[in-house]
Colleague: 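Dumping the structure here so I can ask a few things about it.
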Amino acid sequence: MTRITSVSLRRVLDSRGNPTVEADVLTESGGFGRGAAPSGASTGEYEAIELPASESIAKAREHAVPRLEGVYAGDQRAVDNALRAADGTDDFSAIGANSAVAISMAAAKAAADVLGAPLYQHLGGAFRGENFPVPLGNVVGGGEHAKEATHIQEFLAAPVGAPSVSEAVFANAAVHAAVADVLDERGVPAAKGDEGAWAPPISDAEAFEVVDEAVDRVEDEVGFEIRFGLDMAAAELYDDDREAYVYGDETKSADEQIEYVAGLVDEYDLAYVEDPLDENDYEAFAELTDRVGDRTLICGDDLFVTNVERLQDGIDAGAANSILIKPNQIGTLSDAFDAVELAARNGYETVISHRSGETEDATIAHLAVATDAGYIKTGTVGGERTAKLNELVRIADDAV
Ligand code: PGA
Ligand code: ZN
């Protein structure tokens, strides 16, 4: 019933106005699934390769589509193995991870459609309980996502005490609005970055004050605990030649960076710190995790790139205690699930994530529920972000 009869690919717009790949999968019984690839700006050195959309589509049409016809969409591993076989490289550099992930997600949705089940159930969430992922909401940011703003890429609201996913989602939106108020009171104008976070021209130190204040105000309003966290995207700050983290005119050695981050965790009671160190420095990650890993999540994004081999290296070294899962970093849903499973077996928390360039595709909301992830990172406002957040609200309401 779920045998694939056709795969079609097209270029659609992403949230930055760039072309990205959208895939439609049809099955013999009329099942239909559609998936679209997101795209990163602060991409990790070890990510699977994204090709220009047109090139990726042409290559996938030539090599992958003929292999997929006749494969069961309900057998996700068979679909993803066919994609791997069609590509023939480790990093999807032949057909592009953008076409691969779009097809992988579209096939899963087509299978769910045939089964008449929500995607999260087809992906393994039949036993979902009341635990929903906590949404991490980007409220202030800079780095590669906004020039002339903070060096730290993302300041993320973390409504850890929210009684429901809906209250968490609205709390993050309220923090986003409160940040605008605090900036306004300080006379700071702010544009928005790629993910809809405020991108004010202020120092990192001032951004901590602003976010701390905004979180306090909303916490008082809603009456449950809201903390905040960071994505430092430190691989982007790290200069290989100078062997230092560069913050404008200032630099920090690896030891100073560890000291700096450990101090921030304690001063602001941070719930979460993603990529606090360079993607090649497992040792420094391990040292920081040893120091503060009992009271905060140290998460590897560019460090692990959703790759089981890199995650295993991290587990062996004691580097980080959580992993960011971005399906397009590795190319298929099966690979993403393998990373989730390895993480879970080793006590690493999982955080399912969007990219800075996104579409209305809401697959990650289902993925987060299906895998019982502790957190989901998908922005706060803006249509391509609210598509995922609203889907989470619907899943919680049994309305998908
Ligand atoms: P990216 O940023 O999608 O531009 O890589 C998001 C992140 O670093 O988590
Ligand atoms: Zn990141």
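Keep in mind it's a predicted model, so treat the numbers as computed, not measured. Values below: all heavy atoms of this structure, side chains included; hydrogens, waters and symmetry mates excluded.
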Colleague: To the nearest 0.5 Å, tell me how far Asp290 CG sits from Ile298 CD1.
Modeller: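 Answer for the CG-CD1 pair, Asp290 versus Ile298, is 11.0 Å.
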
Colleague: Counting only heavy atoms not in Glu250, do more than 12 sit closer than 6.0 Å to its CD atom?
Modeller: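 Open: at most 12 neighbouring heavy atoms sit under 6.0 Å from CD of Glu250.
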
Colleague: If I take atom CD1 from residue Ile325 and atom CG from residue Leu311, how far apart are they, to the nearest 0.5 angstrom?
Modeller: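 Answer for the CD1-CG pair, Ile325 versus Leu311, is 7.5 Å.
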
Colleague: Could you walk me through whether Arg217 and Glu185 pass the salt bridge (Lys or Arg N to Asp or Glu O under 4.0 Å) test, one step at a time?
Modeller: CA-CA 14 Å; Arg217 287 185 193 180; Glu185 288 159 22; 2.8 Å; yes

Colleague: Which heavy atom in Arg310 sits nearest to a heavy atom in Tyr282, and how many Å separate them?
Modeller: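 In terms of heavy atoms, the two residues are closest at O-OH, 3.2 Å.
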
Colleague: Report the distance from atom CG of Leu237 to atom OG1 of Thr251, rounding to the nearest 0.5 Å.
Modeller: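 It comes to 12.0 Å.
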
Colleague: State whether the number of non-hydrogen atoms from other residues, nucleotides or ligands found under 6.0 Å of Phe170 atom CZ is greater than 12.
Modeller: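 Open.
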
Colleague: Are more than 12 heavy atoms, taken from residues, nucleotides or ligands other than Glu69, located less than 6.0 Å from that residue's CD atom?
Modeller: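 Check passes, neighbour count above 12.
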
Colleague: Would you indicate whether Asn18, at its atom CG, is surrounded by more than 12 heavy atoms from other residues, nucleotides or ligands within a distance under 6.0 Å?
Modeller: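 More than 12 heavy atoms, drawn from other residues, nucleotides or ligands, come within 6.0 Å of this atom.
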
Colleague: Quick one: which of Lys109, Lys388, Arg355 gives a salt bridge (charged side-chain N to carboxylate O under 4.0 Å, His left out) with Asp361?
Modeller: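 Result: among Lys109, Lys388, Arg355, Lys109 is the only option passing the salt bridge (charged side-chain N to carboxylate O under 4.0 Å, His left out) with Asp361.
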
Colleague: Distance-only criterion, 3.5 Å: show the donor-acceptor pairs between side-chain atoms of residues 31-38 and protein atoms not counting sequence neighbours.
Modeller:
{"unit_1": "Arg34", "atom_1": "NE", "unit_2": "Asp24", "atom_2": "OD1", "d": "2.8"}
{"unit_1": "Arg34", "atom_1": "NH2", "unit_2": "Asp24", "atom_2": "OD2", "d": "3.0"}

Colleague: As an exercise, state the distance from CG of Leu83 to CZ of Arg67, rounded to the nearest 0.5 Å.
Modeller: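 It is 10.0 Å, given to the nearest 0.5 Å.
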
Colleague: Could you check whether any side-chain heavy atom of Lys59 comes within less than 4.5 Å of a side-chain heavy atom of Ser99, counting everything from C-beta outward?
Modeller: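 No, too far: nothing below the 4.5 Å cut-off.
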
Colleague: Does Glu55 CD have over 12 foreign heavy atoms under 6.0 Å away?
Modeller: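 Result for CD/Glu55: enclosed.
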
Colleague: Do other residues, nucleotides or ligands put more than 12 heavy atoms under 6.0 Å from the CD atom of Glu243?
Modeller: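 Incorrect, the count does not exceed 12.
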
